[in-house]
Amino acid sequence: MNDCQNQRYDCVVLGAGLAGLYAAYLLREAFYSVGLVEARARVGGRVCTWRDGLEGQHAELGPEFIDSNHTRVLGLAKHFDLYVSTRPNFWGVSPTPPAARAAQTAWRRLWDEVYEHTHQIPEPHCPWQVPDALKPLDRLSMRDWAEQRGLWQAGEPLFRRYARNLEATEPEHLSFLSIVAQEAFYGERVDAGVYRLRDGTETLPKALAHGFTAQGGELLLNTPVEAIQQTAQGVRVHCRREGNPYTIEARYAIVALPFPVLTQLEWTPALSPQRRDALSLAGKGAVIRTLIQFRTRFWRTHAPRARANQPDITAIWEETDLQNGEMGILSFWTGGEPARRWGSLSEQARIEQCLQTLEVMYPECRAQVLTARSYDWQADPFALHAYIHHPPGYLTEALPLLRQPEGRVYFAGDYLSMFVGYMEGALESSAAAAHGVLQGLTREGVS
Ligand SMILES: Cc1cc2nc3c(=O)[nH]c(=O)nc-3n(C[C@H](O)[C@H](O)[C@H](O)COP(=O)(O)OP(=O)(O)OC[C@H]3O[C@@H](n4cnc5c(N)ncnc54)[C@H](O)[C@@H]3O)c2cc1C
């Protein structure tokens with residue numbers, strides 16, 4: 001490549017999502033020179049708060065909820081003085097018919113068996129080290145498991161709703177062992193989704209970026225990475241800046257890009273075949289979030305006229321319960337196969353689907369619409385998916401390998417953590433990558 005500029009750092013971090021921001025922040029805090037390279041014009045990656053045109057309100061197109069054991073997210077929020085709120089006034093519904101009794105029984109059987117196995121995972125922090133007797137459970141999908149026990153027919157609506165709502169996929173693509181492992185890892189006393197960042201999730205990546213640059217870290221926005229070249233001495237990253245080729249050299253690299261992006265880059269030497277195979281096992285969870293702002297919060301004052309039946313939307317909830325103003329914003333969640341199907345619809349057609357569903361419950365709602373957005377994460381070229389899920393094989397065959405560095409290149413991102421598809425997972429993996437790089441830099445001393 002005929003590059004026109006060069007820049008040299010102790011470490012270059014690729015991707016300014018939470019994983020990249022945190023790794024860059026930690027390394028800069030240790031006084032190493034760090035360049036953080038980001039393709040978009042903003043930091044945060046899949047953290048994406050919508051504010052424009054909402055008259056002082058905001059809503060999330062990406063992550064929103066924080067579990068009580070997400071200690072790094074909560075700790076950083078405290079460190080940066082961000083307001084963490086609970087959800088005392090939360091409003092939400094599922095626009096699907098109530099589950100039949102047989103479905104509820106099948107659902108309980110699933111969790112009874114999951115909890116029977118959690119005690120057999122000796123080391124919940126590295127659950128891929130399971131006894132051989134448990135390994136076949138990583139070959140079973142949630143659907144396989146239910147079929148083997150004769151529970152699929154009765155339980156399908158609840159199994160599907162769970163997979164679409166939480167894992168952004170279908171029961172056919174979820175490893176049964178991974179469900180067990182996640183429960184073992186989480187333990188019993190975790191409150192799921194109890195917290196939010198009151199002023200928008202984007203306040204966290206913005207605070208990290210500010211902390212990084214205030215310490216002298218260099219943030220390069222609008223700089224998509226195209227190729228990564230590794231030598232015995234260091235790493236050379238080929239990017240594009242204002243349309244021109246731009247090269248960055250560093251002693252180490254942390255690649256904090258979404259996993260589907262990795263195989264689109266040019267690697268020299270090539271990524272190991274084992275890593276490519278492992279990446280091909282990772283599950284690309286699909287989500288479309290549709291947000292609609294209404295003139296009033298009629299759902300707070302009027303009971304729904306009827307129950308809707310739209311399995312493509314697994315949940316509707318209010319985004320603005322902690323925000324001022326008469327207006328209110330509802331969020332519609334479409335995950336798994338319906339999200340892939342909806343990807344071929346225009347944004348307007350997706351908003352229309354959501355309105356038609358809401359109209360069954362609140363026939364007058366259409367007249368109250370102020371503005372709306374619908375975001376398809378699969379179509380975002382710098383994400384290519386919403387978040388990871390574990391298909392059969394990923395946990396035991398891919399995850400331990402993907403967590404390893406390749407030479408001077410370390411990897412970070414939510415796909416490498418047992419906080420599967422969570423901001424906490426992005427932070428956990430990047431702390432581990434930063435630790436590895438710090439050890440290398442310390443060992444080698446000043447260059
Ligand atoms: C709809 C949705 C809902 C979610 N809900 C929750 C939730 O409630 N709670 C929760 O904890 N988590 C949730 N998540 C998951 C959470 O968003 C992710 O786990 C986390 O943000 C991932 O951070 P990351 O840094 O690993 O990846 P990313 O945020 O994707 O960061 C990667 C960065 O790399 C950049 N990049 C990509 N390609 C290139 C390139 N070629 N060159 C340079 N830069 C590049 C991207 O622009 C991006 O900034 C949700 C995600 C989605 C999409």
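All values reported here derive from a predicted model rather than from experimental measurement. We count ligands from 1, going down the list as the structure has it; atoms in each ligand are counted the same way.
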Original post:
Among P381, P63, A41, G285, whose heavy atom sits nearest atom 13 (C) of ligand 1?
Top reply: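 Closest candidate by heavy-atom distance is P63.
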Original post:
If you measure from atom 2 (C) of ligand 1 to every heavy atom of G17, G62, G413, S430, which option wins on shortest distance?
Top reply: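 Shortest heavy-atom distance from atom 2 (C) of ligand 1: G62.
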Examine [X] against ligand 1 and note whether any of their N/O atoms are separated by less than 3.5 Å.
X: E38; result: yes
X: R46; result: yes
X: V225; result: yes
X: R40; result: yes
X: Y422; result: yes
X: D414; result: yes
X: A426; result: no
X: A19; result: yes
X: V287; result: no
X: L18; result: yes

Note the single closest protein heavy atom to [atom], along with its residue, its atom name and the distance in Å.
atom: atom 11 (O) of ligand 1; result: M423 N, 2.9 Å
atom: atom 44 (N) of ligand 1; result: A39 N, 3.1 Å
atom: atom 37 (C) of ligand 1; result: F382 O, 3.4 Å
atom: atom 52 (C) of ligand 1; result: Y387 CD2, 3.8 Å
atom: atom 15 (C) of ligand 1; result: G421 O, 3.2 Å
atom: atom 53 (C) of ligand 1; result: A386 O, 3.5 Å
atom: atom 34 (O) of ligand 1; result: G15 CA, 3.4 Å
atom: atom 36 (N) of ligand 1; result: L257 CD2, 3.6 Å

Within ligand 1, which atoms have a heavy atom of [X] less than 4.0 Å away?
X: P258; result: 30 (O), 32 (C), 34 (O), 37 (C)
X: W377; result: 1 (C), 53 (C)
X: G45; result: 29 (O), 48 (C), 49 (O)
X: P224; result: 42 (N)
X: F65; result: 7 (C), 8 (O), 9 (N), 10 (C), 11 (O)
X: L61; result: 1 (C)

Original post:
Once the angle between the rings of F419 and H70 is folded into 0 to 90°, is it parallel (under 30°), tilted (30 to 60°) or perpendicular (over 60°)?
Top reply: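 Perpendicular: the ring planes of F419 and H70 meet at over 60°.
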Is the shortest distance from a heavy atom of [X] to ligand 1 less than 4.0 Å?
X: A383; value: no
X: L14; value: no
X: W333; value: yes
X: G44; value: yes
X: G425; value: no

**OP:** Using a strict 4.0 Å threshold on nitrogen-to-oxygen distance, state whether E60 and R289 make a salt bridge.
**Re:**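 The answer is no: the pair does not qualify as a salt bridge.
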**OP:** Take W342 and F332 through the test ring pair (Phe, Tyr, Trp, His ring centres under 6.0 Å) and record every step on the way to the result.
**Re:** CA-CA 13 Å; W342 281 35; F332 299 74; 9.0 Å; no
Which atom pair, heavy atoms only, marks the closest approach of [X] to [Y]?
X: L281; Y: G393; result: CD1-O, 4.0 Å
X: D277; Y: S280; result: O-OG, 2.6 Å
X: T320; Y: R297; result: O-NH1, 2.9 Å
X: H385; Y: F259; result: NE2-CE2, 3.4 Å
X: R300; Y: F90; result: NH2-C, 4.2 Å

Check: [X] side chain, [Y] main-chain N or O, donor-acceptor pair, under 3.5 Å:
X: R241; Y: Y246; value: no
X: R143; Y: E170; value: no
X: D10; Y: Y32; value: no
X: R350; Y: L345; value: yes
X: D67; Y: G193; value: yes
X: R51; Y: Q57; value: no
X: Q274; Y: L401; value: no
X: W299; Y: W317; value: no

Original post:
Which is it for D199 and K206 under the salt bridge (Lys or Arg N to Asp or Glu O under 4.0 Å) test, yes or no, and what are the steps along the way?
Top reply: CA-CA 12 Å; D199 301 320; K206 282 187 166 173; over 6 Å; no
Original post:
Any chance the side chains of D191 and S68 put a donor and an acceptor closer than 3.5 Å?
Top reply: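 Side chains of D191 and S68: no pair found under 3.5 Å.
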Original post:
How does R289 reach ligand 1, by side chain, by backbone, by both or by neither, if only non-hydrogen atoms under 4.0 Å count?
Top reply: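 Contact part for R289 vs ligand 1: side chain (C-beta onward).
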